[in-house]
Amino acid sequence: MITVIGKPQPIIGLPENWEQPARFFYPSEQPIIMGFNCSRSSLESIDGNQNGIGFRAGTISDLREWLDKEKEQRKFWIGTVVISFISVGSILLRVNLLH
């Protein structure tokens, strides 16, 4: 399980009748933990014991940075593969047209 630790911060000046997700936010420095052997509905471990393990994985800003880097790397590799297929396809097409 991956979860944010702590409570969201209220956004001052918004109407009270708005739903909670619209009125609150998590700051960039909010820590994220990874938990093992525990369920989402309860912070107790799955087997009923208190043997769940968790560790700090980073902050929300760290997660955003990691995701942005992953997106850029994926775009690079997908672009490389597509250009390679186009190049090989055009070479094969020229070879077939010349013969």
Side-chain angles (χ1 to χ4, degrees):
M1 173 175 71
I2 300 174
T3 188
V4 176
I5 298 203
K7 295 183 180 181
Q9 303 295 317
I11 301 173
I12 307 295
L14 294 179
E16 289 294 322
N17 60 350
W18 282 18
E19 293 183 25
Q20 186 205 4
R23 293 185 295 120
F24 290 83
F25 77 102
Y26 285 101
S28 297
E29 62 275 354
Q30 197 83 22
I32 296 173
I33 64 163
M34 293 184 69
F36 300 95
N37 194 28
C38 57
S39 67
R40 187 175 273 289
S41 62
S42 152
L43 294 180
E44 295 178 2
S45 63
I46 293 172
D47 59 8
N49 298 326
Q50 296 295 326
N51 296 332
I53 298 171
F55 66 91
R56 187 174 186 268
T59 63
I60 291 178
S61 64
D62 293 337
L63 183 61
R64 284 188 185 126
E65 185 180 318
W66 297 332
L67 290 173
D68 289 341
K69 285 181 182 179
E70 180 65 29
K71 286 179 190 177
E72 290 302 316
Q73 288 178 348
R74 186 168 294 158
K75 285 180 189 177
F76 170 77
W77 287 112
I78 290 173
T80 301
V81 169
V82 168
I83 289 174
S84 299
F85 280 130
I86 290 172
S87 300
V88 169
S90 66
I91 290 169
L92 292 174
L93 184 63
R94 284 185 184 182
V95 168
N96 285 336
L97 290 177
L98 292 176
H99 287 97

Residue pair W66 / G58: nearest heavy atoms and the distance that separates them:
CH2-CA, 4.4 Å

Closest heavy-atom contact between V4 and Q30?
CG1-CG, 3.2 Å

Rounded to the nearest 0.5 Å, what separates atom CD1 in I32 from atom OG1 in T59?
6.5 Å

Could you grab the distance from atom CG of L63 to atom CG of D68, nearest 0.5 Å is fine?
9.5 Å

Quiz: residues 74-84 side-chain donor-acceptor pairs under 3.5 angstrom, not counting sequence neighbours:
residue : atom : partner : partner atom : Å
R74     : NH2  : E70     : OE2          : 3.4
T80     : OG1  : F76     : O            : 2.8
S84     : OG   : T80     : O            : 2.8

Indicate every side-chain donor-acceptor pair of residues 10-18 with a distance under 3.5 Å to a residue at least two apart or in another chain.
residue : atom : partner : partner atom : Å
E16     : OE1  : R23     : NH1          : 3.4

Grouping I, L, V, M, F, W and Y whenever their side-chain heavy atoms are under 4.5 Å apart, do V95 and F85 come out in a common cluster?
no

